[in-house]
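In this text, all values refer to a predicted model and were calculated from it rather than measured experimentally.
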Amino acid sequence: MSLAGKKYTWHKIADTAEELGLGSSSITEITVNNKKVCLALHNNTLHACVHKCPHAGGPMADGFVDALGNIVCPLHRYKFSLQNGRNTSGEGYYLKTYPVDVRENGVFIGFEEKKGLFGW
């Protein structure tokens, strides 16, 4: 499946969103295909991102989701949009995000397919 011209490999992470045990505006860390990721719930929408802050490596699962839908690092309170990973507190960092797809047969996370040398 592709989104915005990118190709993704999809990995099932749960049968239902409720199975993940995420409450309103909470975060959890899981391992998918040997990669640690954070899952966050905001406004009944699941989001996924890398598990460490790009600034100082803070564990994002120990942070929180603010009222605007930003994930906040527990170390220095840097904020990142769960929608696109952009730094919203002005420091200029970017948090890698992953698409999440809730389907009839389960909840899936997409990892971008790697291209060969020189992007071929």
Side-chain angles (χ1 to χ4, degrees):
M1 182 177 189
S2 68
L3 295 172
K6 296 179 181 178
K7 291 188 179 185
Y8 293 91
T9 301
W10 293 91
H11 301 273
K12 187 173 183 176
I13 57 174
D15 289 325
T16 65
E18 294 76 23
E19 182 181 308
L20 296 167
L22 286 167
S24 177
S25 295
S26 65
I27 308 168
T28 191
E29 183 176 290
I30 64 171
T31 301
V32 182
N33 198 37
N34 296 319
K35 183 183 290 198
K36 288 183 183 181
V37 297
C38 280
L39 290 175
L41 183 66
H42 180 70
N43 288 339
N44 295 318
T45 301
L46 280 171
H47 302 273
C49 64
V50 294
H51 73 288
K52 288 187 175 183
C53 179
H55 168 247
M60 297 306 285
D62 291 345
F64 63 94
V65 178
D66 71 11
L68 298 175
N70 297 304
I71 187 168
V72 182
C73 177
L75 293 182
H76 300 107
R77 304 288 190 237
Y78 286 20
K79 296 178 182 183
F80 302 89
S81 168
L82 284 170
Q83 298 285 332
N84 56 31
R86 289 194 178 126
N87 177 233
T88 62
S89 49
E91 295 83 14
Y93 292 94
Y94 174 79
L95 185 74
K96 173 77 175 153
T97 59
Y98 305 102
V100 177
D101 192 12
V102 180
R103 305 175 189 169
E104 188 175 296
N105 62 333
V107 180
F108 294 80
I109 187 170
F111 294 143
E112 193 173 349
E113 291 181 4
K114 294 185 178 177
K115 297 179 181 178
L117 189 61
F118 305 112
W120 300 343

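Nearest approach of M60 to P74, heavy atoms of both residues: CA-CD, 4.5 Å. For the residue pair C53 and C73, the shortest heavy atom distance occurs at CB-SG, 3.6 Å. Residues A56 and H76 come closest through the heavy atom pair CB-CE1, 3.9 Å. Closest approach of P54 to Y94, counting heavy atoms only: CG-O, 3.3 Å. Across every non-hydrogen atom of H42 and A67, the tightest pair is CE1-O, 3.5 Å. Heavy atoms only, all atoms of each residue included: L82 and T97 are closest at O-CG2, 4.0 Å.
Atom CG in L20 sits 10.0 Å away from atom CG in D15 (nearest 0.5 Å). One finds the CD atom of E29 at 9.0 Å from the NZ atom of K52 (value rounded to the nearest 0.5 Å). Taking OG1 from T88 and CD1 from I71, the interatomic distance works out to 11.0 Å, rounded to the nearest 0.5 Å. Atom NZ of K96 and atom NE2 of H51 lie 15.0 Å apart (nearest 0.5 Å). Here the CZ-CZ distance, from R77 to F64, works out to 5.5 Å after rounding to the nearest 0.5 Å. Distance CZ/F80 to NE2/H55: 9.0 Å, rounded to 0.5 Å.
Of the possible polar contacts, one joining the D66 side chain to the L68 backbone as a donor-acceptor pair under 3.5 Å is found. Listed for the N87 side chain is a donor-acceptor partner under 3.5 Å among the backbone atoms of G92. Of the possible donor and acceptor atoms, one in the side chain of N84 sits under 3.5 Å from a partner among the backbone N and O of R86.
Between Y98 and F111, the angle of the ring planes goes over 60°, which puts this pair in the perpendicular group of the 30/60° scheme. In this structure, Y78 and Y93 have tilted ring planes: the angle between them lies in the 30° to 60° band.
S81 and Q83 form no side-chain donor-acceptor contact under 3.5 Å, judged by distance and modelled atom types alone.
Residue-environment remark: NZ (K36) stays at or below the threshold of 12 foreign heavy atoms within 6.0 Å.
Put simply, L75 and I27 are part of two different groups of oily side chains (I, L, V, M, F, W, Y) that touch within less than 4.5 Å, one to the next.
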_Under the criterion side-chain contact (heavy atoms from CB on, under 4.5 Å), I'd like the reasoning laid out for L39 against L22: C-alpha separation, chi angles, the key distance, then a yes or no._
CA-CA 8 Å; L39 290 175; L22 286 167; 4.0 Å; yes

